[in-house]
Asks: 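Once you've had a glance at the structure underneath, I'll fire off some questions.
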Amino acid sequence: MNEIITANDVEYTAKNVTTEIDTISFTLLEPMDDPEAAFRETKSLTVGDTEGTAYGQYPEVKYESLTIAADGSVTITMHILTKTEKAIRELQVSQAEQDEVIAEMLYGGGRHNE
């Protein structure tokens, strides 16, 4: 059965969608120039049928791997983040925001006073 994977607001037709405890993988049906680049920055996925009904939402994922089979088919595996990994991701975002504010306070938005 073909399914639709939506990632970064782009729909991909896939088959063999498999969800495990900490991963979701799927085989792309249409060839792509650079499938790794298409999914490397993906932070969330939606799985649905070809009629447009979504039945799986994965709001916190991270690219894990790409496998090319002997027949040329491409399977993407995404890691489903754990609660701890989600907390670390949030802390990293928060830290980056804090660093930006501190830099602005100290250096006036990255510009040194002359």
Side-chain angles (χ1 to χ4, degrees):
M1 172 171 85
N2 292 346
E3 297 175 271
I4 304 298
I5 303 292
T6 304
N8 302 322
D9 296 322
V10 178
E11 292 184 349
Y12 302 93
T13 305
K15 65 179 182 176
N16 302 331
V17 177
T18 306
T19 305
E20 297 182 18
I21 291 173
D22 63 351
T23 61
I24 179 170
S25 62
F26 47 90
T27 302
L28 299 171
L29 289 180
E30 299 163 7
M32 299 176 63
D33 288 337
D34 192 352
E36 182 177 358
F39 290 94
R40 181 159 293 286
E41 300 302 320
T42 298
K43 305 266 190 260
S44 65
L45 290 175
T46 302
V47 180
D49 61 23
T50 56
E51 304 300 316
T53 303
Y55 47 78
Q57 295 184 353
Y58 303 89
E60 299 282 342
V61 296
K62 181 174 82 172
Y63 173 81
E64 188 169 291
S65 66
L66 173 141
T67 304
I68 301 174
D71 66 1
S73 63
V74 174
T75 299
I76 302 289
T77 301
M78 302 293 289
H79 176 70
I80 301 169
L81 300 180
T82 64
K83 287 182 181 182
T84 301
E85 290 168 323
K86 290 177 192 178
I88 290 170
R89 181 185 269 182
E90 289 174 12
L91 284 172
Q92 289 171 332
V93 169
S94 176
Q95 184 63 50
E97 291 169 351
Q98 289 176 25
D99 290 349
E100 194 174 305
V101 169
I102 290 169
E104 183 148 334
M105 289 171 53
L106 291 175
Y107 306 112
R111 289 184 234 154
H112 296 283
N113 295 332
E114 296 181 25

Asks: With sequence neighbours left out, write down each residue that passes ring-ring contact (aromatic ring centres under 6.0 Å, His included) with F26, or none if nothing qualifies.
Replies: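 Residues passing ring-ring contact (aromatic ring centres under 6.0 Å, His included) with F26: F39.
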Asks: Is there a side-chain contact between D34 and E36 (heavy atoms, below 4.5 Å)?
Replies: yes
Asks: Hydrophobic clustering (ILVMFWY, side-chain heavy atoms < 4.5 Å, transitive) - are V61 and V93 grouped together?
Replies: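 V93 and V61: separate clusters.
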Asks: Indicate, with yes or no, if L91 and V101 share a hydrophobic cluster defined by side-chain heavy-atom contacts under 4.5 Å among Ile, Leu, Val, Met, Phe, Trp and Tyr.
Replies: no
Asks: Nearest 0.5 Å please: distance from the CD atom of Q57 over to the OG1 atom of T6.
Replies: 10.0 Å
Asks: If hydrophobic clusters are built by linking Ile, Leu, Val, Met, Phe, Trp and Tyr wherever their side-chain heavy atoms come under 4.5 Å apart, do L28 and L66 end up in the same one?
Replies: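 L28 clusters together with L66.
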Asks: Of the non-hydrogen atoms in L81 and E85, which two are nearest, and what is the gap between them?
Replies: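 Shortest heavy-atom contact: CA-OE1, 3.3 Å.
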Asks: Pairs in or reaching into residues 47-100: which pass ring-ring contact (aromatic ring centres under 6.0 Å, His included), with residues at least two apart or in two chains?
Replies: none
Asks: Roughly how far, to the nearest 0.5 Å, is the NZ atom of K62 from the CZ atom of R89?
Replies: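 Atom-to-atom, R89:CZ and K62:NZ are 7.5 Å apart.
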Asks: Please find the pair of heavy atoms, one from T50 and one from I4, that lie closest to each other, and give the distance.
Replies: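 Heavy-atom minimum between the residues: CA-CG1, 4.0 Å.
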Asks: Report whether I80 and M78 are members of the same hydrophobic cluster (ILVMFWY, side-chain heavy atoms less than 4.5 Å apart, transitive linking).
Replies: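 Same hydrophobic cluster.
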Asks: Please check if atom CD in E41 has more than 12 non-hydrogen atoms from other residues, nucleotides or ligands closer than 6.0 Å.
Replies: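 No.
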Asks: Which heavy atom of A38 sits nearest a heavy atom of N8, and at what distance?
Replies: O-ND2, 3.5 Å
Asks: To the nearest 0.5 Å, how far apart are CD1 in I21 and OG1 in T23?
Replies: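 Here the rounded value is 9.0 Å.
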Asks: Considering all heavy atoms of both residues, which atom of S44 and which atom of P59 are nearest to each other, and what is their separation?
Replies: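 Smallest heavy-atom distance, with atoms named: CB-O, 3.5 Å.
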Asks: Under 4.5 Å between any side-chain heavy atoms of T75 and N16, yes or no?
Replies: no
Asks: Distance from I5 atom CD1 to L45 atom CG, nearest 0.5 Å?
Replies: 6.0 Å
Asks: For the CG atom on D71, are there more than 12 heavy atoms of other groups (residues, nucleotides or ligands in this structure) within a distance under 6.0 Å?
Replies: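 More than 12 within 6.0 Å, yes.
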Asks: Tell me if the CD1 atom of I102 is crowded by more than 12 foreign heavy atoms within 6.0 Å.
Replies: yes
Asks: Would you say M32 ends up clustered with I76 if hydrophobic residues are merged whenever their side chains have heavy atoms under 4.5 Å apart, either directly or through other cluster members?
Replies: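 Hydrophobic grouping puts I76 with M32.
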Asks: To the nearest 0.5 Å, what is the distance between CD on E97 and CD on Q95?
Replies: 10.0 Å
Asks: Which value, rounded to the nearest 0.5 Å, describes the distance between E90 atom CD and E60 atom CD?
Replies: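 Going from CD on E90 over to CD on E60, the span is 7.0 Å.
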Asks: Taking side chain as C-beta onward, heavy atoms only, is V47 less than 4.5 Å from I24?
Replies: yes
